[in-house]
Participant: 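Have a look at this one.
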Amino acid sequence: MPREAFDKSKRLLTQQVFQKVFDKASYRVADRHFLILACPNLSGHARLGLVIGKKNIRLSVHRNRIKRVARETFRHHQHSFAGIDIIFLARRGLDKVPKSAFSSTLSQAWVQLALNTK
RNA sequence: GGAGUCGGCCGAGCAGUCGCUAUCGCGUUUACUCGAAUUAUCCAUUAGUGGACAUUCGGGGGCGCGGUGGAGGAAAGUCCGGGCUCCACAGGGCAGAGUGCCAGGUAACGCCUGGGAGGCGCGAGCCUACGGAAAGUGCCGCAGAAAAUAUACCGCCUAAGCAGUUCGCUGCCGGUAAGGGUGAAAUGGUGCGGUAAGAGCGCACCGCGCGGCUGGCAACAGGCGUGGCAGGGUAAACCCCACUCGGAGCAAGACCAAAUAGGAACCUAUUGGCGCGGCCCGCGUUGGGUUCGGGUAGGUCGCUCGAGGUGCAUGGCGACAUGUAUCCCAGAUGAAUGACUGUUCUCGACAGAACCCGGCUUACAGGCCGGCUCCUUUU
């Protein structure tokens, strides 16, 4: 079983990389409360970036909770992806979804994305 | 036991597995990087050395394993006050903003403590923007006669003066503000005297103003004398008085610094390249190297040991101060502090550090401890 670590090499770190994914998003998975964009990279593994605006999710406690769920589910699914850069965007109302429901729908979304990018 | 009031504290616990981040230790990585030493070999040499490679050691970085730490009482709102940093600054004034009973605490405050005054509560206690209305200006809806120069709606009176008279009184001229009514507020209140009726007109007490005295650092309180009484409210209306205040903020600010473009200095080429041209001459244009400064991406620092926490002692009614012992308690940066499983209970609220402190304000499931007050019951 491969390790499910999630250190800085698995994250998007700079403005330029974010902009590249926004410009050349070749895959997308949408839900009522969130949107996932992705494009291929050369690193051989998947990398995740999170965009959770204060405008859409007002309280910082809720923003932190969404980030943690997103990172945790990504961590468990990361080995099903090819080398892609992924951006997760939160939409308005995501803070109203219960944590367990959000976690399961997001897991399904990761499976969907993995099938699309194979 | 019930009701209330004040102050302090807590903000689910335990176990296992998988993660993130910081730090410490050990190991590992020389095709990650820097520095030092060594001698063998090779290259260059202006004969001083310089460079390459190898070995050893040390520092940083990466990776692995293990240990340890890892959100709050409000981390929040950003409403005040300071530290820190950069900029500005001879001194003084104006403008602007803020504060506003007194004393103390503090780095400072609009905060805190103690005291005073006024108001609320049976009480413990609580509340108060609480300087000046006799510097000037403005405003005061509705109601009411009248809202500030005072005035007279309903009333009360008929002593004096005039007129009439049926000799009972009536009218005029007047007096008055006690009573009624309006209002948040109407020229001080109660009582007695006084009077035609009344009125600080006179007196007593209270209130108010002024001047000593006593107590208190002071705010203020008490008491004495004195004046018949000045004079509505509003200063979170302008204003006056006293005191305080330079500006911007960690995206502050400091340092390192790739690529690309441009700049400066020096060296070098001018027998070079490109254009005009058939070619030469000629003319125009241009290069290469080294160094330097500015500076972008990016990175490092600032960054957490501090007006610090806890215990004890001393001083103080207290806020707090001083001394001493002891502890190290997040430091991220696309931004960590979490997830899953099991289990227990009272079934878990408001809510997430971003340079750091001191306050205030606002949000909050539930729980614990202590002081005091009132009511009730029992012995």
Side-chain angles (χ1 to χ4, degrees):
Chain A
M1 172 155 179
R3 290 177 46 77
E4 294 186 338
F6 182 67
D7 56 28
K8 282 186 184 173
S9 65
K10 311 283 179 60
R11 307 179 200 169
L12 304 186
L13 296 175
T14 61
Q15 177 67 40
Q16 289 88 327
V17 182
F18 270 82
Q19 200 56 54
K20 185 187 145 224
V21 178
F22 278 122
D23 293 342
K24 304 180 181 176
S26 42
Y27 312 101
R28 50 189 292 157
V29 174
D31 182 86
R32 182 175 167 173
H33 293 300
F34 58 84
L35 172 68
I36 295 169
L37 302 173
C39 77
N41 68 18
L42 303 172
S43 67
H45 55 75
R47 296 189 300 180
L48 177 68
L50 303 167
V51 177
I52 293 140
K54 212 174 200 172
K55 198 171 166 186
N56 292 330
I57 311 294
R58 200 174 60 78
L59 290 180
S60 63
V61 168
H62 294 153
R63 289 196 297 277
N64 278 340
R65 197 194 65 197
I66 290 163
K67 285 191 235 175
R68 282 165 183 155
V69 171
R71 277 196 292 259
E72 188 70 12
T73 54
F74 172 81
R75 191 166 71 80
H76 291 309
H77 287 85
Q78 58 178 304
H79 296 293
S80 58
F81 299 123
I84 53 173
D85 287 338
I86 302 167
I87 290 181
F88 171 90
L89 293 103
R91 284 175 168 168
R92 194 180 298 254
L94 185 54
D95 52 340
K96 303 290 192 297
V97 179
K99 192 173 71 175
S100 56
F102 171 49
S103 182
S104 59
T105 56
L106 186 56
S107 292
Q108 291 166 22
W110 292 133
V111 171
Q112 183 67 42
L113 181 66
L115 289 174
N116 288 354
T117 55
K118 269 285 183 293

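Each chain gets a letter, A, B and so on, in the order its sequence line appears, and its residues count up from 1.
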Participant: What's the gap between B:rA258 and B:rC292 when it is taken at their P atoms, as a whole Å value?
Facilitator: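 To the nearest whole Å, 11 Å.
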Participant: Hey, what else clusters with A:Val61 if you join Ile, Leu, Val, Met, Phe, Trp, Tyr whenever side-chain heavy atoms sit under 4.5 Å?
Facilitator: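 Direct or chained contacts put A:Val61 with none.
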Participant: List, by chain and number, the other hydrophobic cluster members for A:Leu12, where Ile, Leu, Val, Met, Phe, Trp and Tyr join if side-chain heavy atoms come within less than 4.5 Å, directly or indirectly.
Facilitator: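 A:Val17, A:Phe18, A:Val21, A:Phe22, A:Leu35, A:Leu37, A:Val51, A:Ile87, A:Leu89, listed by chain and number.
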Participant: Between B:rG81 and B:rA108, how far apart are the two C1' atoms, rounded to whole Å?
Facilitator: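 Rounded to whole Å, the distance is 6 Å.
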Participant: Enumerate all atom pairs, one protein N or O and one N or O from nucleotides 338-340 of chain B, separated by less than 3.5 Å.
Facilitator:
residue: B:rA339; atom: OP1; partner: A:Lys99; partner atom: NZ; Å: 3.1

Participant: Could you pull out all residues at least two apart from A:Phe74 that satisfy ring-ring contact (aromatic ring centres under 6.0 Å, His included)?
Facilitator: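 If we apply the ring-ring contact (aromatic ring centres under 6.0 Å, His included) test to A:Phe74, skipping adjacent residues, the hits are A:Phe6, A:Trp110.
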Participant: I'd like the C1' distance from B:rA204 over to B:rG228, given in whole Å.
Facilitator: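 B:rG228 and B:rA204 have their C1' atoms separated by 14 Å.
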Participant: Under the side chain to side chain contact (heavy atoms under 4.5 Å, CB included) test, which residues partner A:Asp95, sequence neighbours left out?
Facilitator: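 Applying side chain to side chain contact (heavy atoms under 4.5 Å, CB included) to A:Asp95 gives A:Ile57, A:His62.
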Participant: When the C1' atoms of B:rA257 and B:rG91 are considered, how many whole Å apart are they?
Facilitator: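 It comes out at 47 Å once rounded to the nearest Å.
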Participant: Quick check for you: among B:rA336, B:rG334, B:rG352, whose closest atom lies nearest to any side-chain atom of A:Arg71?
Facilitator: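 Taking heavy atoms from C-beta onward, the closest nucleotide is B:rA336.
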Participant: For A:Arg63 and B:rA351, what is the distance between atoms CZ and C1' respectively, to the nearest whole Å?
Facilitator: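 The distance from CZ of A:Arg63 to C1' of B:rA351 comes to 12 Å, rounded to the nearest Å.
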Participant: Under the rule for side chain to side chain contact (heavy atoms under 4.5 Å, CB included), what residues qualify as partners of A:Arg68, not counting sequence neighbours?
Facilitator: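 Partners of A:Arg68 under the side chain to side chain contact (heavy atoms under 4.5 Å, CB included) test: A:Asn64, A:Arg71.
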Participant: Can you give the donor-acceptor pairs under 3.5 Å from side chains of residues 96-108 of chain A to other protein atoms, not counting sequence neighbours?
Facilitator:
residue: A:Ser104; atom: OG; partner: A:Ser100; partner atom: O; Å: 3.4
residue: A:Ser104; atom: OG; partner: A:Ala101; partner atom: O; Å: 2.9
residue: A:Thr105; atom: OG1; partner: A:Ala101; partner atom: O; Å: 3.1
residue: A:Thr105; atom: OG1; partner: A:Phe102; partner atom: O; Å: 3.0
residue: A:Ser107; atom: OG; partner: A:Ser103; partner atom: O; Å: 3.0

Participant: Write down the distance between NZ (A:Lys67) and P (B:rG334), rounded to a whole number of angstrom.
Facilitator: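 About 11 Å, once rounded to whole Å.
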Participant: Anti or syn, where syn is a glycosidic angle within 90° of 0; which label fits B:rG212?
Facilitator: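 B:rG212: syn.
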Participant: Considering only residues two or more places apart or on different chains, which pairs with a residue in residues 19-37 of chain A satisfy side chain to side chain donor-acceptor pair (under 3.5 Å)?
Facilitator: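 The answer is A:Gln19-A:Asp23.
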Participant: Could you work out the separation of B:rA319 and B:rG114 based on their C1' atoms and round it to a whole Å?
Facilitator: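 To the nearest whole Å, 8 Å.
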Participant: For RNA chain B, which residues in residues 51-61 of chain A have a heavy atom at a distance below 4.0 Å?
Facilitator: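 RNA chain B contact set from residues 51-61 of chain A: A:Val51, A:Leu59, A:Ser60, A:Val61.
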Participant: How far, in whole Å, is B:rU234 from B:rA185 if one measures between their C1' atoms?
Facilitator: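 Rounded to whole Å, the distance is 12 Å.
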Participant: With heavy-atom distances below 4.5 Å as the criterion, would you say the side chains of A:Ile36 and A:Leu113 are in contact?
Facilitator: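 A side-chain contact exists here, since the closest heavy-atom pair is under 4.5 Å.
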Participant: If we take the P atom in both B:rG352 and B:rG72, what is their distance in whole Å?
Facilitator: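 Their P atoms lie roughly 14 Å apart.
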